[in-house]
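This is a predicted model, so every value here is computed, not measured. One-based numbering, in listed order, for ligands and for the atoms of each.
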Amino acid sequence: MQEVFSYIQKAVLEISQALKFPDTSYSQNHNFSGDTQLQFDVLSDELITKVLSECKDIKALISEEKEEILTLNEDAKFIVAYDPLDGSSLMDVNFAIGSIFAIYEEKPSAKNLKAALYSMYGARLELVICEDVPRLYRLNAKNDFVFIKELVMDKKGKINATGASQKFWEEKHAKFIKSLFDEGYRLRYSGAMVSDINQILLKGGGLFSYPATQDAPQGKLRAFFEVFPLAYIIEKAGGKTTDGKNSSLLELEFSAIHSTTPCFFGSEYEIEKLLRAYNE
Ligand code: AHM
Ligand code: MG
């Protein structure tokens, strides 16, 4: 596993260096989810594929930017699923974006998740690596990732990061979100899930939601390389997750690699309140 981590570190360092002088234009292509790909979406996918292909412990790669699973080493143990550049539509405004990685053993399934990582390309490069507990690392001037601290969620937060177009929210969702604002929660939403979840983790708590909507009844965010890895990290930090019905996003099973799901990540207080509001 440490071997896989070190190749991921190498890949995110290359992406962060390439982000200093990027091509921010769109390509002619769409990915499997129908998003128009930026040149940099394609480049970051290629960079990760190139670096991880050198790792003998990786059986296969699943990417937001690839339609099919890419087999690397038939007899190896780990499948790495990744979103090469989450929040890439914010590249033009120079907001913080990141890469998300899930490491599955043998088969891509939440119950086989052994570790999750994400990088933050902000004013500085940071990386969260989570097996048993999420650990934050920061790149130093010698290009080494230095351990900063373990990330732990409080029982209740102050931030409300509310995704999707409000026009298409269900009434129960709109009512629930308003009830948090009425309690004093503050709106924090950048449009990059990885940044918004990172803020919730670093500030100790709060809610990130991407609900089912009239235009996307199965939600927008993708299970294998966005939802599962970030749910794994939030839960290992002591937070909770749900799809609005179950007691953890990690209970969900999907067969299609680009499946999406409504998803909620937060501290215990917000997720329990959401489950009551959704199911009363
Ligand atoms: P991406 O992987 O193509 O960047 O898309 C996923 C992003 C998430 O990072 C973010 O939370 C969401 O899409 C924003 O969508 P919306 O503008 O509908 O709230
Ligand atoms: Mg994404």
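- Counting non-hydrogen atoms of neighbouring residues, nucleotides and ligands closer than 6.0 angstrom, the CZ atom of Phe95 reaches no more than 12 such neighbours.
- For Tyr82 and Thr49, the side-chain atoms include at least one donor-acceptor pair closer than 3.5 Å.
- Heavy atoms of Asp41 stay at 4.0 angstrom or farther from ligand 1.
- Heavy-atom proximity to Glu64, at under 4.0 Å, picks out these atoms of ligand 1: 1 (P), 2 (O), 3 (O).
- Heavy-atom contacts of Leu221 reach the following atoms of ligand 1: 6 (C), 8 (C) (cutoff under 4.0 Å).
- With the Mg ion (ligand 2) as the vertex, atom OD2 of Asp83 and atom OD1 of Asp86 span an angle of 100° (nearest 10 degrees).
- The atoms of ligand 1 that sit less than 4.0 Å from any heavy atom of Glu226 are 2 (O), 6 (C).
- Per-residue contacts place Phe208 under 4.0 angstrom from the following atoms of ligand 1 (heavy atoms of the residue considered): 11 (O).
- Using a 4.0 Å cut-off to heavy atoms of Arg222, the atoms of ligand 1 that qualify are 1 (P), 2 (O), 3 (O), 5 (O), 6 (C).
- Atoms of ligand 1 found under 4.0 Å from any heavy atom of Tyr189 (numbered from 1 in listed order, with element): 11 (O), 12 (C), 14 (C), 15 (O), 16 (P), 19 (O).
- Of the N or O atoms in Met193, one or more lie within a sub-3.5 Å distance of an N or O in ligand 1.
- Between Leu201 and Gln199, the closest side-chain pair of non-hydrogen atoms is not below 4.5 Å.
- Of all heavy-atom pairs between Leu72 and Ile58, the closest is CB-O, 3.6 Å.
- In Asp83, the part holding a heavy atom less than 4.0 Å from any atom of ligand 1 is the side chain.
- Numbered from 1 in the order shown, with element, the atoms of ligand 1 that lie under 4.0 Å from a heavy atom of Ala192 read 9 (O).
- Neither the backbone nor the side chain of Phe168 comes within contact range of ligand 1; no heavy atom lies under 4.0 Å.
- Looking at Ser165 next to ligand 1, no N or O pair under 3.5 Å apart turns up.
- Residues Leu47 and Ile15 approach most closely at CD1-CG1, 3.9 Å, considering heavy atoms.
- Just one of Lys178, Lys158, Lys273 meets the salt bridge (Lys or Arg N to Asp or Glu O under 4.0 Å) condition when paired with Glu183; it is Lys273.
- Considering just the N/O/S atoms of Glu226, the one nearest the Mg ion (ligand 2) carries the name OE2.
- Of all protein heavy atoms, the one lying nearest to atom 10 (C) of ligand 1 is Gly191 O, 3.2 Å.
- For atom 18 (O) of ligand 1, the closest heavy atom belonging to the protein is Tyr210 OH, 2.6 Å.
- Annotation: atom 12 (C) of ligand 1 to nearest protein heavy atom, Lys220 NZ, 3.6 Å.
- Each of the following atoms of ligand 1 lies closer than 4.0 Å to a heavy atom of Ser88: 4 (O).
- Between the Ser195 side chain and the Ala96 main chain, a donor and an acceptor come within less than 3.5 Å of each other.
- For atom 4 (O) of ligand 1, the nearest protein heavy atom (residue, atom name, distance) is Gly87 N, 2.7 Å.
- A side-chain donor from one of Glu270 and Ser267 sits under 3.5 Å from a side-chain acceptor of the other.
- Between Leu38 and Ser88, the shortest heavy-atom contact is CD1-O, 3.1 Å.
- With respect to Lys240 and Glu268, no salt bridge is recorded, no charged nitrogen being found less than 4.0 Å from a carboxylate O.
- Atom NZ of Lys172 is surrounded by more than 12 heavy atoms from other residues, nucleotides or ligands within 6.0 Å.
- Under a 4.0 Å heavy-atom criterion, Ser89 is not in contact with ligand 1.
- Taking the six-membered ring for Trp and the full ring otherwise, the centers of Tyr210 and His173 sit at least 6.0 Å from each other.
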